[in-house]
Amino acid sequence: MSYNSDQVARALQRAAQQLTAEAGRLNDLDQAMGDGDIGITLEKIGIALADYAQTEPVDDIGKWLGKAGMAANKAGSSSYGTLLATALMRAGKAATGKSALTDDDLAVMFTAAAQGMQERGKANLGDKTVLDAIFPAADAFAAAVGAGESGAQAAAAALAAAETGRDAVTPLRSKIGRASWVGERSEGKIDPGCEAFIVILRALAQ
Amino acid sequence: MSYNSDQVARALQRAAQQLTAEAGRLNDLDQAMGDGDIGITLEKIGIALADYAQTEPVDDIGKWLGKAGMAANKAGSSSYGTLLATALMRAGKAATGKSALTDDDLAVMFTAAAQGMQERGKANLGDKTVLDAIFPAADAFAAAVGAGESGAQAAAAALAAAETGRDAVTPLRSKIGRASWVGERSEGKIDPGCEAFIVILRALAQ
Amino acid sequence: MKKILNQAADFVNEMLDGLLLAHPDMLAYAGDDPHCIVRADAPVTDKVALATGGGSGHLPVFLGYVGKGMLDGCAVGDVFASPSSDQMYELTKRISSGKGVVYIYGNYGGDVMNFDMAAEMAAMDDIEVRTVLVKDDVASAPRAEAARRRGVAGMVFAFKVAGAMADKGGSLDDVVRVTEKMLAATGTMGVALSPCTVPRAGKPTFSIGEGEMEIGMGIHGEPGMKRESLQSADEITERMVSAILDDLQPDAGARVAVMVNGLGATPPEELYIIYRKVHALLDARDLRVHRPYVGEYATSMEMAGASITLAVLDDELAALLDHPAHTPFFMQV
Amino acid sequence: MKKILNQAADFVNEMLDGLLLAHPDMLAYAGDDPHCIVRADAPVTDKVALATGGGSGHLPVFLGYVGKGMLDGCAVGDVFASPSSDQMYELTKRISSGKGVVYIYGNYGGDVMNFDMAAEMAAMDDIEVRTVLVKDDVASAPRAEAARRRGVAGMVFAFKVAGAMADKGGSLDDVVRVTEKMLAATGTMGVALSPCTVPRAGKPTFSIGEGEMEIGMGIHGEPGMKRESLQSADEITERMVSAILDDLQPDAGARVAVMVNGLGATPPEELYIIYRKVHALLDARDLRVHRPYVGEYATSMEMAGASITLAVLDDELAALLDHPAHTPFFMQV
Ligand SMILES: Nc1ncnc2c1ncn2[C@@H]1O[C@H](COP(=O)(O)OP(=O)(O)O)[C@@H](O)[C@H]1O
Ligand SMILES: Nc1ncnc2c1ncn2[C@@H]1O[C@H](COP(=O)(O)OP(=O)(O)O)[C@@H](O)[C@H]1O
Ligand SMILES: [Mg+2]
Ligand SMILES: [Mg+2]
Ligand SMILES: [Mg+2]
Ligand SMILES: [Mg+2]
């Protein structure tokens with residue numbers, strides 16, 4: 001299946017609105033083992049991106065996504081905000097020049113986004129960060145697309161993989177970022193970055 | 001009746017102990033319309049006076065009371081502490097050279113104490129201060145002694161007059177000191193200084 | 001009560017010990033009683049000596065302003081309690097260099113009674129003592145009863161001009177004159193959002209709801225004139241500034257010194273939000289800010305809230321305010 | 001949430017406005033974005049420029065240290081949130097005078113990622129940027145994982161020596177060298193007694209019982225390493241000093257700079273009670289206090305608690321620490 005620029009803009013808008021809607025819940029997760037601002041950041045980013053998606057006409061989808069990343073960084077630049085901005089910029093870079101996207105394109109962009117987050121934040125898998133949700137999700141998406149499944153099926157597989165990834169690290173102790181400083185008290189608590197990523201993915205998959 | 005130096009020392013000790021015992025309750029009164037320290041002050045003074053009365057032998061009762069006043073001022077020098085110290089010093093001055101006290105002496109000392117408080121604090125009757133308890137009490141004491149009543153009867157009359165004085169000003173607005181700054185909120189609240197004086201008087205009268 | 005302390009009874013003495021260990025170049029004990037503290041170089045020859053005193057729990061008030069260009073000594077009471085007349089008298093003897101001593105302190109019953117007693121004792125030693133009472137809190141009584149007003153943050157301006165005049169070699173009369181002139185032109189008003197706890201009492205001075213504030217509170221954790229629902233920073237500021245200006249009645253074009261003072265728990269961020277509005281309000285009335293002081297100058301331990309002090313300056317007062325000073329809590333070059 | 005503010009969303013911008021209105025002689029906006037603030041006289045010719053940045057809510061950190069003898073500029077984020085890489089980049093261009101720029105800031109993910117991005121952008125303009133990360137909190141990770149430690153009050157010592165070296169005309173290498181040397185010899189630890197509230201969040205960062213404290217907390221209202229029952233000032237101090245000295249391992253006889261820092265609501269009285277014990281503990285280990293700083297240097301709005309920072313000095317560091325500085329919140333002559 002192929003997605004036109006309108007569909008891409010609407011998908012970004014859905015994700016943006018969902019971040020705003022779930023900001024409070026996400027913030028509570030960050031309050032439990034961080035500084036309680038991921039929701040504040042994501043609300044600001046959600047508002048900025050919804051505005052961007054509504055007002056900025058899409059021509060080159062790649063460039064459009066890249067600029068969305070820059071708008072996100074301006075709006076909210078906590079760790080997660082910056083990682084999200086980087087992911088958007090990298091996904092955009094992987095789609096430069098395109099006016100429509102295939103499922104294969106999406107798979108490539110998904111992986112580029114994950115790698116961008118990894119390079120910017122220098123965390124490892126298992127450190128209990130968003131990486132533990134986005135990498136399995138990107139892999140599952142690519143595998144499903146490779147196996148000829150539909151975009152919707154691939155998205156469902158990615159979502160399931162992200163949730164499994166999130167749950168797998170929940171019992172662990174955070175090894176990087178603010179949550180690492182609360183030590184053993186991070187054990188058993190959901191990583192807010194994983195959860196925020198799932199919120200985004202669910203909105204995109206709709 | 002006549003009181004020897006032992007009895008005077010024991011009376012001071014009783015008053016001192018009672019101040020310490022009732023410090024918490026008195027403090028709550030000051031908290032309601034002042035800065036919540038009259039009990040702290042009176043506890044410190046109570047401890048210092050109890051110690052003084054126990055260790056300092058009485059020879060000249062007047063001088064002994066004067067020095068008790070100085071010890072009180074060192075121990076606690078809030079408004080009430082200073083007024084109490086002044087009262088002790090003035091009562092002492094009125095009894096200089098005596099090794100025993102008559103009820104007439106007590107009447108004179110009582111009035112000197114009240115006047116000392118008035119001169120030091122420059123308040124007027126009706127301002128809602130300790131003066132509104134001590135002046136009626138001193139007057140009642142002198143009147144009873146003048147009418148040939150016993151010391152115990154005179155003390156009971158003084159106590160009743162102090163209580164009536166306290167109750168008469170309770171509905172009023174404080175006109176001087178910290179309580180005056182809470183304005184109308186002082187109305188209906190018992191003046192802690194009146195109450196503290198009644199505690200002392202009751203202990204002395206025993 | 002949630003405080004970092006050892007025994008409540010040792011609170012003041014240990015605080016003093018820490019202060020003197022940290023600032024041995026600036027402060028010294030006057031003698032055996034740790035509650036009498038003087039400039040390290042006291043007595044300063046041929047200078048009018050300035051003394052203050054009052055309860056603890058207000059740092060930088062009072063002790064924090066002892067030093068070059070400000071005060072010569074301070075008698076320190078227990079938390080929110082007056083020091084004793086003996087302590088004030090000892091202090092007076094220790095700082096006097098023969099040019100006279102000025103007592104500058106807040107108008108509180110206990111302090112007034114004890115300083116008056118100390119002045120009587122000092123007179124017997126032929127030390128000339130003059131008293132200037134600080135009564136800057138416009139909320140504590142109407143102008144007609146100004147003698148009843150209490151002293152709050154405005155006392156810092158009094159210390160500053162008195163200290164500068166003494167530092168410049170002014171006479172006893174000069175020092176008293178400029179201090180009184182400054183105070184006649186100074187007004188303060190405050191709001192409290194939370195109470196504080198006297199260590200020995202162990203419970204808060206008052207209780208207050210989440211959405212309430214005390215208007216016109218003092219710096220001893222005492223409640224204010226009125227309790228109201230919490231307003232915005234701009235509304236609170238406008239209210240305080242109006243009350244002070246109504247009281248001071250400055251001429252248009254006048255220079256005004258401004259102090260936005262935190263009571264303890266209120267962060268500098270909020271003080272600057274207040275200052276922003278003060279500045280705008282003065283601007284709108286054609287008043288010029290001469291020297292803004294934003295920070296903690298007179299506190300009530302961990303109380304949340306703020307006060308605003310305005311002082312209308314003439315050339316002499318402005319110059320005295322600008323004079324350098326160097327104390328543990330106040331530095332101006 | 002009990003704060004003096006207008007709209008939570010305006011908290012930072014109004015605070016900045018107030019700060020710049022109060023200190024026009026010292027601070028200026030770098031351009032149109034109010035979150036980029038520079039020394040009033042920036043760029044300073046022929047001087048290595050120093051930039052910092054981070055979330056708001058920590059005054060005097062970060063902005064309060066911009067000024068003569070310290071920093072050239074600061075990128076200001078929302079409360080406890082990193083400023084953006086764009087803002088840092090704009091700031092960098094505005095303060096650079098060609099001798100290089102040093103970024104000195106706390107080791108927090110958001111800040112690191114954004115400052116790294118800013119440095120990449122500046123490199124394209126041929127501005128040489130070097131980074132020194134502050135990681136002084138010994139409680140945030142064991143020494144073996146020191147790279148993971150967060151930056152807290154010790155950053156003030158880093159600003160101080162870097163600023164002094166730059167002020168004295170040092171090269172980019174010199175500035176980086178002394179800043180790294182200072183930080184290698186600096187350790188901090190803190191305790192929190194109460195949380196704080198981010199205005200936009202509207203509820204406290206954590207909840208804590210009457211008799212509890214958080215050991216080893218950060219300055220963002222985040223909980224600490226452990227929750228324990230509240231101890232006495234001496235016990236808390238002993239615990240913090242031991243942890244830092246175990247980490248720094250100073251030689252007997254060494255000179256140590258000391259900072260006893262209040263987190264916001266803790267009054268100076270309590271800080272001096274802590275200082276008293278720090279002094280005694282250092283004395284007992286034959287360590288000499290070089291320069292005690294007692295006050296609020298790095299805060300978390302209205303959080304109650306304190307941190308202790310120790311820095312082992314050699315002659316060069318001691319001289320740099322003693323160098324004069326003059327900023328809105330820090331003055332040394
Ligand atoms: N270095 C990193 N690499 C990848 N993810 C990270 C990193 N640091 C933090 N995160 C993610 O970001 C989330 C926290 O985001 P946020 O609240 O914005 O961080 P902060 O407030 O510490 O800047 C964490 O739950 C984690 O998933
Ligand atoms: N000027 C005064 N003259 C007489 N009594 C006074 C005066 N000021 C205060 N008082 C009495 O002292 C009591 C308060 O005592 P205290 O708590 O020691 O005062 P503060 O804390 O204001 O120094 C009041 O209840 C009142 O009875
Ligand atoms: Mg966070
Ligand atoms: Mg009282
Ligand atoms: Mg009192
Ligand atoms: Mg954050």
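Order of the sequence lines fixes the chain letters, A, B, ..., with proteins taken first and strands second; residue numbering starts at 1 for each chain.
- No part of C/Gln7 comes within reach of chain D, as not one of its non-hydrogen atoms sits under 4.5 angstrom from that chain.
- Side chain of D/Lys2 to main chain of C/Met213: no donor-acceptor pair is present (N/O by atom type, distance under 3.5 Å, no hydrogens or angles).
- Both the backbone and the side chain of C/Phe11 come within contact range of chain D, judged by heavy atoms closer than 4.5 Å.
- Residues C/Ala22 and D/Tyr272 approach most closely at CB-CE2, 3.8 Å, considering heavy atoms.
- Residues of residues 231-239 of chain C having a heavy atom under 4.5 Å from any heavy atom of chain D, listed by number: C/Ser232, C/Ala233, C/Asp234, C/Ile236.
- The contact between C/Ile274 and chain D is made entirely by side chain atoms (from C-beta outward), counting heavy-atom distances below 4.5 Å.
- Taken from CD in C/Glu302 to CD in D/Glu302, the straight-line distance is 13.5 Å, to the nearest 0.5 Å.
- When all heavy atoms of D/Leu230 and C/Lys3 are compared, the pair lying nearest together is CD2-O, 4.1 Å.
- The structure places OH of C/Tyr275 at 16.0 Å from CE of D/Met15, a figure rounded to the nearest 0.5 Å.
- The CZ atom of D/Arg276 sits 6.5 Å away from atom CG of C/Asn6, with the distance rounded to the nearest 0.5 Å.
- Shortest non-hydrogen contact noted between D/Met301 and C/Pro267 is CA-CB, 3.7 Å.
- The closest side-chain heavy-atom distance from D/Glu269 to C/Val79 is not below 4.5 Å.
- A donor-acceptor pair under 3.5 Å is formed between the side chain of D/Glu270 and the backbone N or O of C/Ile4.
- Only the side chain of C/His23 comes within contact range of chain D, with at least one heavy atom under 4.5 Å from a heavy atom of that chain.
- Neither the backbone nor the side chain of C/Ala304 comes within contact range of chain D; no heavy atoms are under 4.5 Å apart.
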